[in-house]
2 protein chains.
Amino acid sequence: MKKKAVVNNTSVCQVRMQAINDSMSILSGKWKFHILGTLIEGNKMGFMDLLREINGIGTKMLSKELQDLEMNQLVNRTVMNTKPITVEYSITKYGETLSPLIDELANWGIKYRQSVYGKK
Amino acid sequence: MKKKAVVNNTSVCQVRMQAINDSMSILSGKWKFHILGTLIEGNKMGFMDLLREINGIGTKMLSKELQDLEMNQLVNRTVMNTKPITVEYSITKYGETLSPLIDELANWGIKYRQSVYGKK
DNA sequence: TCACGTAGTATCCTATAGGAAACTACTTCC
DNA sequence: GGAAGTAGTTTCCTATAGGATACTACGTGA
(Lines give C-alpha, C1' and ligand atoms only; values in the text may rest on other atoms or scores of the structure.)
Protein backbone atom coordinates (compact mmCIF):
# COMPACT_ATOMS: atom_id res chain seq x y z
CA MET A 1 0.00 0.00 0.00
CA LYS A 2 1.47 3.24 -1.17
CA LYS A 3 1.62 6.42 0.76
CA LYS A 4 -1.63 8.20 0.18
CA ALA A 5 -1.07 11.73 -1.01
CA VAL A 6 -2.85 14.59 0.63
CA VAL A 7 -6.31 14.46 -0.82
CA ASN A 8 -7.14 18.05 -1.45
CA ASN A 9 -4.62 20.53 -0.26
CA THR A 10 -5.11 23.04 -3.02
CA SER A 11 -7.52 25.46 -4.64
CA VAL A 12 -11.08 24.91 -3.57
CA CYS A 13 -10.51 23.44 -0.13
CA GLN A 14 -7.84 25.91 0.83
CA VAL A 15 -9.99 28.81 -0.23
CA ARG A 16 -12.84 27.40 1.78
CA MET A 17 -10.69 26.96 4.86
CA GLN A 18 -9.39 30.47 4.52
CA ALA A 19 -12.91 31.77 4.11
CA ILE A 20 -14.02 30.00 7.26
CA ASN A 21 -11.06 31.44 9.11
CA ASP A 22 -11.92 34.91 7.88
CA SER A 23 -15.51 34.62 9.00
CA MET A 24 -14.56 33.19 12.35
CA SER A 25 -11.98 35.85 13.09
CA ILE A 26 -14.55 38.57 12.48
CA LEU A 27 -17.38 36.83 14.28
CA SER A 28 -15.35 35.28 17.07
CA GLY A 29 -16.27 35.61 20.70
CA LYS A 30 -19.25 34.98 22.84
CA TRP A 31 -21.30 38.05 21.95
CA LYS A 32 -20.95 39.07 18.31
CA PHE A 33 -23.88 37.04 17.05
CA HIS A 34 -26.08 38.25 19.88
CA ILE A 35 -25.24 41.87 19.24
CA LEU A 36 -25.71 41.57 15.49
CA GLY A 37 -28.90 39.59 15.89
CA THR A 38 -30.32 42.12 18.30
CA LEU A 39 -29.44 45.03 16.05
CA ILE A 40 -30.90 43.28 13.02
CA GLU A 41 -34.32 42.96 14.52
CA GLY A 42 -34.41 46.13 16.57
CA ASN A 43 -32.73 48.74 14.47
CA LYS A 44 -31.34 51.88 16.11
CA MET A 45 -30.49 51.07 19.68
CA GLY A 46 -28.54 52.84 22.38
CA PHE A 47 -25.72 51.34 24.37
CA MET A 48 -27.95 50.83 27.36
CA ASP A 49 -30.69 49.30 25.23
CA LEU A 50 -28.25 46.68 24.02
CA LEU A 51 -26.96 46.13 27.52
CA ARG A 52 -30.49 45.42 28.75
CA GLU A 53 -31.49 43.39 25.77
CA ILE A 54 -28.52 41.06 25.67
CA ASN A 55 -28.77 38.88 28.67
CA GLY A 56 -25.53 38.51 30.59
CA ILE A 57 -23.25 40.86 28.73
CA GLY A 58 -21.34 43.51 30.67
CA THR A 59 -20.32 47.02 29.71
CA LYS A 60 -16.74 46.11 28.95
CA MET A 61 -17.56 43.34 26.54
CA LEU A 62 -20.37 45.25 24.88
CA SER A 63 -18.15 48.25 24.36
CA LYS A 64 -15.27 46.20 23.03
CA GLU A 65 -17.36 44.06 20.73
CA LEU A 66 -19.20 47.06 19.33
CA GLN A 67 -15.86 48.64 18.48
CA ASP A 68 -14.78 45.47 16.71
CA LEU A 69 -18.00 45.31 14.75
CA GLU A 70 -17.80 48.97 13.85
CA MET A 71 -14.24 48.53 12.67
CA ASN A 72 -15.40 45.76 10.38
CA GLN A 73 -18.25 47.86 9.00
CA LEU A 74 -20.91 45.62 10.44
CA VAL A 75 -22.49 48.22 12.69
CA ASN A 76 -22.85 52.00 12.60
CA ARG A 77 -22.23 54.16 15.60
CA THR A 78 -23.78 57.61 15.49
CA VAL A 79 -23.48 60.14 18.26
CA MET A 80 -26.68 62.15 18.45
CA ASN A 81 -26.60 65.71 19.66
CA THR A 82 -29.45 65.23 22.07
CA LYS A 83 -29.86 66.84 25.46
CA PRO A 84 -27.91 64.21 27.34
CA ILE A 85 -25.66 62.86 24.64
CA THR A 86 -26.91 59.56 23.24
CA VAL A 87 -25.46 57.12 20.79
CA GLU A 88 -27.32 55.15 18.19
CA TYR A 89 -26.08 51.78 17.11
CA SER A 90 -27.51 50.17 14.02
CA ILE A 91 -26.66 47.42 11.61
CA THR A 92 -25.04 48.35 8.31
CA LYS A 93 -26.21 47.11 4.94
CA TYR A 94 -23.13 44.95 4.98
CA GLY A 95 -23.95 43.62 8.42
CA GLU A 96 -27.34 42.61 7.16
CA THR A 97 -25.71 40.09 4.87
CA LEU A 98 -25.11 38.10 8.05
CA SER A 99 -28.82 37.69 8.59
CA PRO A 100 -29.12 34.29 6.88
CA LEU A 101 -26.09 33.01 8.76
CA ILE A 102 -27.48 34.06 12.11
CA ASP A 103 -30.88 32.61 11.26
CA GLU A 104 -29.25 29.36 10.25
CA LEU A 105 -27.30 29.27 13.49
CA ALA A 106 -30.38 30.00 15.59
CA ASN A 107 -32.56 27.49 13.75
CA TRP A 108 -29.95 24.80 14.03
CA GLY A 109 -29.74 25.43 17.75
CA ILE A 110 -33.49 25.16 18.09
CA LYS A 111 -33.56 21.87 16.21
CA TYR A 112 -30.69 20.63 18.30
CA ARG A 113 -32.51 21.42 21.51
CA GLN A 114 -35.62 19.66 20.24
CA SER A 115 -33.65 16.58 19.30
CA VAL A 116 -32.07 16.45 22.75
CA TYR A 117 -35.12 17.10 24.88
CA GLY A 118 -37.63 15.62 22.49
CA LYS A 119 -40.06 17.82 20.64
CA LYS A 120 -43.12 18.75 22.55
CA MET B 1 -39.20 60.96 29.11
CA LYS B 2 -40.14 57.79 30.87
CA LYS B 3 -37.93 54.86 31.53
CA LYS B 4 -38.03 52.70 28.47
CA ALA B 5 -38.91 49.15 29.34
CA VAL B 6 -36.85 46.28 28.08
CA VAL B 7 -37.95 45.88 24.51
CA ASN B 8 -38.11 42.20 24.07
CA ASN B 9 -36.89 40.18 26.95
CA THR B 10 -39.28 37.29 26.54
CA SER B 11 -40.42 34.50 24.28
CA VAL B 12 -39.03 34.80 20.78
CA CYS B 13 -35.85 36.70 21.49
CA GLN B 14 -34.93 34.65 24.52
CA VAL B 15 -35.45 31.43 22.63
CA ARG B 16 -33.31 32.76 19.81
CA MET B 17 -30.54 33.76 22.17
CA GLN B 18 -30.64 30.40 23.83
CA ALA B 19 -30.54 28.71 20.45
CA ILE B 20 -27.50 30.69 19.43
CA ASN B 21 -25.83 29.79 22.70
CA ASP B 22 -26.60 26.14 22.13
CA SER B 23 -25.15 26.17 18.65
CA MET B 24 -22.08 28.05 19.72
CA SER B 25 -21.33 25.81 22.64
CA ILE B 26 -21.38 22.78 20.37
CA LEU B 27 -19.50 24.40 17.53
CA SER B 28 -17.10 26.46 19.60
CA GLY B 29 -13.39 26.46 19.06
CA LYS B 30 -11.03 27.00 16.22
CA TRP B 31 -11.38 23.67 14.48
CA LYS B 32 -14.92 22.27 14.61
CA PHE B 33 -16.08 23.82 11.36
CA HIS B 34 -12.93 22.72 9.58
CA ILE B 35 -13.28 19.16 10.78
CA LEU B 36 -16.96 18.98 9.94
CA GLY B 37 -16.45 20.65 6.59
CA THR B 38 -13.67 18.26 5.70
CA LEU B 39 -15.67 15.24 6.71
CA ILE B 40 -18.69 16.46 4.79
CA GLU B 41 -16.89 16.58 1.50
CA GLY B 42 -14.53 13.69 1.99
CA ASN B 43 -16.52 11.04 3.74
CA LYS B 44 -14.72 8.28 5.63
CA MET B 45 -11.37 9.57 6.71
CA GLY B 46 -8.71 8.33 9.08
CA PHE B 47 -7.17 10.32 11.89
CA MET B 48 -4.03 10.93 9.90
CA ASP B 49 -6.02 11.91 6.82
CA LEU B 50 -7.72 14.62 8.80
CA LEU B 51 -4.45 15.71 10.34
CA ARG B 52 -2.96 16.18 6.90
CA GLU B 53 -6.01 17.74 5.38
CA ILE B 54 -6.65 20.34 8.04
CA ASN B 55 -3.89 22.83 7.79
CA GLY B 56 -2.34 23.75 11.12
CA ILE B 57 -4.17 21.44 13.48
CA GLY B 58 -2.20 19.25 15.86
CA THR B 59 -2.90 15.79 17.21
CA LYS B 60 -4.09 16.99 20.57
CA MET B 61 -6.68 19.37 19.21
CA LEU B 62 -7.84 16.99 16.50
CA SER B 63 -8.29 14.20 19.00
CA LYS B 64 -10.09 16.37 21.50
CA GLU B 65 -12.38 18.01 18.96
CA LEU B 66 -13.27 14.69 17.37
CA GLN B 67 -14.29 13.39 20.78
CA ASP B 68 -16.47 16.43 21.32
CA LEU B 69 -18.10 16.03 17.94
CA GLU B 70 -18.63 12.33 18.47
CA MET B 71 -20.21 13.00 21.85
CA ASN B 72 -22.65 15.36 20.17
CA GLN B 73 -23.52 12.83 17.48
CA LEU B 74 -22.05 14.91 14.71
CA VAL B 75 -19.39 12.42 13.66
CA ASN B 76 -19.06 8.67 13.72
CA ARG B 77 -15.91 6.94 14.87
CA THR B 78 -15.52 3.37 13.72
CA VAL B 79 -12.56 1.19 14.57
CA MET B 80 -11.84 -1.09 11.65
CA ASN B 81 -10.31 -4.48 12.23
CA THR B 82 -7.70 -4.03 9.57
CA LYS B 83 -4.09 -5.29 9.62
CA PRO B 84 -2.72 -2.30 11.48
CA ILE B 85 -5.75 -1.04 13.30
CA THR B 86 -7.33 1.94 11.56
CA VAL B 87 -10.15 4.24 12.50
CA GLU B 88 -12.73 5.71 10.20
CA TYR B 89 -14.28 9.04 10.91
CA SER B 90 -17.36 10.13 9.03
CA ILE B 91 -20.11 12.66 9.33
CA THR B 92 -23.45 11.54 10.75
CA LYS B 93 -26.79 12.27 9.15
CA TYR B 94 -27.29 14.73 11.95
CA GLY B 95 -23.94 16.32 11.28
CA GLU B 96 -24.94 16.84 7.69
CA THR B 97 -27.64 19.23 8.81
CA LEU B 98 -24.75 21.63 9.47
CA SER B 99 -23.89 21.70 5.80
CA PRO B 100 -25.91 24.83 4.96
CA LEU B 101 -24.49 26.62 7.98
CA ILE B 102 -20.92 25.83 7.02
CA ASP B 103 -21.58 26.81 3.41
CA GLU B 104 -23.08 30.07 4.56
CA LEU B 105 -20.07 30.73 6.77
CA ALA B 106 -17.61 29.95 3.99
CA ASN B 107 -19.47 31.98 1.39
CA TRP B 108 -19.74 34.94 3.68
CA GLY B 109 -16.01 34.77 4.30
CA ILE B 110 -15.33 34.69 0.58
CA LYS B 111 -17.52 37.71 -0.03
CA TYR B 112 -15.88 39.49 2.85
CA ARG B 113 -12.44 38.90 1.43
CA GLN B 114 -13.57 40.15 -1.95
CA SER B 115 -15.03 43.29 -0.45
CA VAL B 116 -11.81 43.99 1.43
CA TYR B 117 -9.32 43.31 -1.33
CA GLY B 118 -11.61 44.24 -4.17
CA LYS B 119 -12.87 41.62 -6.55
CA LYS B 120 -10.53 40.68 -9.32
C1' DT C 1 15.95 -5.27 14.63
C1' DC C 2 14.86 -0.88 13.28
C1' DA C 3 12.40 2.49 10.86
C1' DC C 4 7.85 3.82 9.63
C1' DG C 5 2.88 4.20 9.69
C1' DT C 6 -1.35 3.72 12.34
C1' DA C 7 -3.95 6.40 16.39
C1' DG C 8 -3.81 8.63 19.71
C1' DT C 9 -2.31 10.50 25.26
C1' DA C 10 0.16 13.15 28.42
C1' DT C 11 2.57 17.13 29.89
C1' DC C 12 3.88 21.70 29.94
C1' DC C 13 3.34 26.33 28.83
C1' DT C 14 1.29 30.89 27.44
C1' DA C 15 -1.84 34.14 25.54
C1' DT C 16 -6.12 35.80 25.63
C1' DA C 17 -11.06 35.89 26.40
C1' DG C 18 -14.07 37.45 29.37
C1' DG C 19 -16.19 38.58 34.13
C1' DA C 20 -16.60 41.87 38.30
C1' DA C 21 -16.27 46.08 40.11
C1' DA C 22 -15.07 50.68 40.41
C1' DC C 23 -14.61 54.99 38.22
C1' DT C 24 -15.20 59.14 34.77
C1' DA C 25 -17.94 62.72 32.75
C1' DC C 26 -21.93 65.04 31.43
C1' DT C 27 -27.08 66.35 32.00
C1' DT C 28 -31.47 66.56 33.74
C1' DC C 29 -34.96 65.84 36.98
C1' DC C 30 -36.67 66.39 41.79
C1' DG D 1 -27.35 69.47 45.80
C1' DG D 2 -27.98 64.69 45.09
C1' DA D 3 -29.88 60.82 42.58
C1' DA D 4 -30.27 58.79 38.31
C1' DG D 5 -29.61 58.12 33.46
C1' DT D 6 -26.60 58.62 29.43
C1' DA D 7 -21.99 56.03 27.54
C1' DG D 8 -18.35 54.24 28.29
C1' DT D 9 -13.06 53.19 30.31
C1' DT D 10 -9.86 51.07 33.50
C1' DT D 11 -8.10 47.74 36.46
C1' DC D 12 -7.68 43.35 38.25
C1' DC D 13 -8.30 38.60 38.10
C1' DT D 14 -8.96 33.71 36.44
C1' DA D 15 -10.20 30.00 33.54
C1' DT D 16 -9.50 27.91 29.47
C1' DA D 17 -8.20 27.38 24.70
C1' DG D 18 -4.84 25.86 22.16
C1' DG D 19 0.23 25.12 20.63
C1' DA D 20 4.62 22.31 21.01
C1' DT D 21 6.71 18.39 22.18
C1' DA D 22 7.38 13.95 23.74
C1' DC D 23 5.61 9.59 24.57
C1' DT D 24 2.75 4.97 24.25
C1' DA D 25 1.33 0.98 21.76
C1' DC D 26 0.67 -1.92 18.00
C1' DG D 27 1.78 -3.99 13.35
C1' DT D 28 4.32 -4.32 8.95
C1' DG D 29 7.88 -4.41 5.75
C1' DA D 30 13.01 -4.20 4.70
Side-chain angles (χ1 to χ4, degrees), chain A residues 1-7 17 20-21 24-35 38-39 42 44-72 75-90, chain B residues 1-7 17 20-21 24-35 38-39 42 44-72 75-90:
Chain A
M1 201 188 295
K2 267 297 170 71
K3 189 172 85 173
K4 206 203 295 188
V6 170
V7 181
M17 291 246 176
I20 291 176
N21 282 332
M24 290 205 306
S25 74
I26 292 164
L27 304 169
S28 65
K30 199 174 169 182
W31 300 109
K32 300 259 170 60
F33 285 115
H34 293 299
I35 295 172
T38 304
L39 283 175
K44 306 250 180 222
M45 303 184 73
F47 186 84
M48 284 298 150
D49 295 334
L50 286 164
L51 199 62
R52 277 185 289 258
E53 204 77 6
I54 301 168
N55 213 311
I57 201 171
T59 56
K60 196 192 75 171
M61 276 299 115
L62 182 53
S63 169
K64 190 221 146 205
E65 297 298 68
L66 281 170
Q67 281 171 27
D68 280 12
L69 293 171
E70 197 194 349
M71 221 183 305
N72 286 313
V75 310
N76 291 313
R77 177 179 183 275
T78 336
V79 180
M80 311 301 283
N81 57 345
T82 44
K83 324 76 175 288
I85 180 174
T86 48
V87 177
E88 264 183 16
Y89 289 98
S90 60
Chain B
M1 204 186 294
K2 265 302 169 73
K3 189 173 82 171
K4 206 201 297 183
V6 171
V7 181
M17 292 244 174
I20 290 176
N21 281 333
M24 291 205 304
S25 74
I26 292 163
L27 303 170
S28 65
K30 199 174 168 181
W31 299 111
K32 301 257 168 64
F33 285 115
H34 292 299
I35 296 172
T38 305
L39 283 174
K44 306 248 181 225
M45 303 183 74
F47 187 84
M48 285 298 151
D49 295 334
L50 286 165
L51 198 63
R52 278 185 289 259
E53 204 77 6
I54 301 169
N55 212 309
I57 199 170
T59 56
K60 196 192 76 171
M61 275 299 113
L62 181 54
S63 169
K64 189 222 148 207
E65 297 297 70
L66 281 169
Q67 281 171 27
D68 280 12
L69 293 171
E70 196 194 350
M71 220 182 306
N72 285 313
V75 311
N76 291 313
R77 177 180 183 275
T78 336
V79 179
M80 311 301 285
N81 56 347
T82 44
K83 325 76 177 285
I85 179 175
T86 48
V87 177
E88 264 182 15
Y89 289 98
S90 59

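The chains referred to below are lettered A, B, ... by the order of the sequence lines, with proteins before strands, and numbering in each begins at 1.
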Counting heavy atoms from C-beta on, name the nucleotide in [options] closest to the side chain of [X].
{"X": "B:S63", "options": "D:dG19, D:dG27, C:dG8", "result": "C:dG8"}
{"X": "A:R77", "options": "D:dT6, D:dG18, D:dG8", "result": "D:dG8"}
{"X": "A:P84", "options": "C:dA7, C:dG18, C:dT27", "result": "C:dT27"}

Separation of [X] atom [atom1] from [N] atom [atom2], in whole Å?
{"X": "B:D49", "N": "C:dG5", "atom1": "CG", "atom2": "P", "value": "14 Å"}
{"X": "A:L27", "N": "C:dA17", "atom1": "CG", "atom2": "P", "value": "15 Å"}
{"X": "A:E65", "N": "C:dG19", "atom1": "CD", "atom2": "C1'", "value": "13 Å"}
{"X": "A:F33", "N": "C:dG18", "atom1": "CZ", "atom2": "P", "value": "13 Å"}
{"X": "B:F47", "N": "D:dT24", "atom1": "CZ", "atom2": "C1'", "value": "14 Å"}
{"X": "B:M80", "N": "D:dG27", "atom1": "CE", "atom2": "C1'", "value": "17 Å"}
{"X": "A:I35", "N": "D:dA7", "atom1": "CD1", "atom2": "P", "value": "14 Å"}
{"X": "B:N21", "N": "C:dG18", "atom1": "CG", "atom2": "P", "value": "12 Å"}

Requested in this report: Verify the contact: side-chain N or O of A:R52 to OP1 or OP2 of D:dT6, cut-off strictly under 4.0 Å; return yes or no.
Outcome: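 A:R52 to D:dT6 OP1/OP2: side-chain N or O found under 4.0 Å.
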Requested in this report: Report yes if a side-chain nitrogen or oxygen of B:Y89 is closer than 4.0 Å to either non-bridging phosphate oxygen (OP1 or OP2) of C:dT6; otherwise report no.
Outcome: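 For B:Y89, the contact criterion (side-chain N or O under 4.0 Å from OP1 or OP2 of C:dT6) is not met.
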Is there side-chain contact between [X] and [Y], with at least one heavy-atom pair below 4.5 Å?
{"X": "B:W31", "Y": "B:L62", "answer": "no"}
{"X": "B:F47", "Y": "B:L66", "answer": "yes"}
{"X": "B:T78", "Y": "B:K44", "answer": "no"}
{"X": "B:H34", "Y": "A:N21", "answer": "yes"}

Just call it for [X]: base, sugar-phosphate, or nothing, with non-hydrogen atoms closer than 4.0 Å on any strand.
{"X": "A:K64", "result": "nothing"}
{"X": "A:T59", "result": "base"}
{"X": "A:Q67", "result": "sugar-phosphate"}

Query raised in the report: Mapping A:M48 and B:G56 onto DNA chain D by nearest heavy atom, which one lands closer to the 5' end?
Result: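 Between the two, 5'-proximity favours A:M48.
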Query raised in the report: Does B:I57 or A:L66 map to a spot on DNA chain D nearer the 5' end, using the closest nucleotide for each?
Result: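 That would be A:L66.
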Query raised in the report: Considering heavy-atom distances to DNA chain C, does A:I85 or A:M61 have its closest nucleotide positioned more toward the 5' end?
Result: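 Closer to the 5' end of DNA chain C: A:M61.
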Query raised in the report: To the nearest 0.5 Å, how far apart are CD1 in B:I35 and CG in B:D68?
Result: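 These two atoms lie 9.0 Å from each other.
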Query - hbond_proxy A:K60 side chain to C:dG19 base (donor-acceptor, 3.5 Å cutoff) - result: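 Flag set: donor-acceptor pair detected.
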